[in-house]
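Proteins get letters first, then strands, A, B, ... in listed order; numbering begins at 1 in each. Keep in mind that this is a model prediction, so the values were computed, not measured.
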Number of protein chains: 2
Amino acid sequence: MDDFDLGTFIKDHRKKAGLTQLELADLAGVGKTTVFDIEKNKETVRLNNLLAVLRVLNIKLEFKSPLNK
Amino acid sequence: MDDFDLGTFIKDHRKKAGLTQLELADLAGVGKTTVFDIEKNKETVRLNNLLAVLRVLNIKLEFKSPLNK
DNA sequence: TAATTTTTACTGCTATAACAGTAATTGATG
DNA sequence: CATCAATTACTGTTATAGCAGTAAAAATTA
């Protein structure tokens, strides 16, 4: 849930996509600082910015609860 | 991925947990406005605030990509 | 229907995320 | 090693999310 390292996860996918932080930032329409912060697991980033980055990298979000499992 | 209605998803889980927006906000350590915004799908909320709410409701996040599937 | 609770909406104010710019490290590549 | 590219780090400024407070609108309950 939480100890999952989203930063490196994104970093790895960015690398595999052959993108630099700046390129990813431009594609996602965010500043380079934001991409840097995300890869450093800064949790105060805004959801829309994170989603924009995930979209570029073709990463999907799923919400799982014991209920609707 | 994206058309998923996170707001009502969270709202439903909050109801099932028998919590009001204010109670959920207090438990999560955020303001009531933030809970309200999240349930209204305001995507500019900060990730840490969203995570705090998800934690209270026992909802887990998963990131899926075509690669590590 | 009246009373109570909950949700939605709006308002200043404050804290800070996001930004561009710059610079210093680190990492590749020749 | 030297050069260039990429990443990390820090800065001042600006835009805005988050907040408490209040109030009005829905929903719930008696």
Worksheet entry | B:Leu19 CG - C:dT5 P separation (whole Å) | 17 Å
Discussion item. Expressed as a whole number of angstroms, how long is the span from B:Gln21:CD to D:dT28:P?
Written reply: 13 Å
Discussion item. From NZ of A:Lys11 over to C1' of D:dA6, roughly how many Å is that when rounded to an integer?
Written reply: 10 Å
Discussion item. Under 4.5 Å between side-chain heavy atoms, counting indirect links through other Ile/Leu/Val/Met/Phe/Trp/Tyr residues: same cluster for A:Leu22 and A:Leu57 or not?
Written reply: no
Discussion item. Quick check: on DNA chain D, is the nucleotide nearest B:Val45 upstream (toward 5') of the one nearest B:Lys15, or the reverse? Name the residue that is more 5'.
Written reply: B:Val45
Response to the item:
Between CZ of A:Phe36 and C1' of D:dT7 the distance, given in whole Å, is 8 Å
Worksheet item: When all nucleic acid strands are considered with a 4.0 Å heavy-atom cut-off, which category describes A:Lys42: base, sugar-phosphate, or nothing?
Response: sugar-phosphate
Worksheet entry | Nucleotide nearest A:Arg46 (side chain, heavy atoms from C-beta), chosen from C:dA18, D:dA9, C:dT8 | C:dA18
Discussion item. Strictly below 4.0 Å, N to O, side chains only: are B:Arg46 and A:Glu43 in salt-bridge contact?
Written reply: no
Worksheet item: Salt bridge or not for B:Arg14 and B:Glu39, using N-O below 4.0 Å?
Response: yes
Worksheet entry | Proximal nucleotide (of D:dT7, D:dC19, C:dA18) relative to the B:Thr34 side chain | D:dC19
Discussion item. On the nucleotide C:dT6, are OP1 or OP2 found under 4.0 Å from the side-chain N or O atoms that B:Arg14 carries?
Written reply: no
Practice prompt. Could you check how far CG of A:Leu22 sits from P of D:dA5, rounded to whole Å?
Written response: 13 Å
Worksheet entry | Protein-nucleotide distance (A:Asp26, atom CG; D:dT7, atom P), rounded to Å | 13 Å
Discussion item. Regarding A:Lys40, tell me which of base, sugar-phosphate or nothing describes its non-hydrogen contacts under 4.0 Å with the strands shown.
Written reply: sugar-phosphate
Discussion item. Using a 4.0 Å heavy-atom cut-off, does A:Thr33 contact any base of the nucleic acid, only the sugar-phosphate backbone, or nothing at all?
Written reply: base
Fill in: Which nucleotide in D:dG18, C:dT6, D:dT16 has an atom nearest any side-chain atom of B:Asn49
D:dG18
Worksheet item: Which whole-number value in Å describes the distance from A:Leu50 CG to D:dA17 C1'?
Response: 16 Å
Discussion item. Please tell me whether A:Thr8 and A:Asp5 have a donor and an acceptor in their side chains that are separated by less than 3.5 angstrom.
Written reply: yes
Worksheet entry | Protein-nucleotide distance (B:Asn48, atom CG; D:dA17, atom C1'), rounded to Å | 11 Å
Worksheet item: Looking only at side-chain N and O atoms, does A:Thr20 come under 4.0 Å of OP1 or OP2 in D:dA6?
Response: no
Worksheet, complete the sentence: In short, B:Leu6 meets B:Asn41 closest at the heavy-atom pair N-OD1, 3.5 Å
Worksheet entry | Contact under 4.0 Å: B:Lys32 side-chain N or O vs D:dT22 OP1/OP2 | no
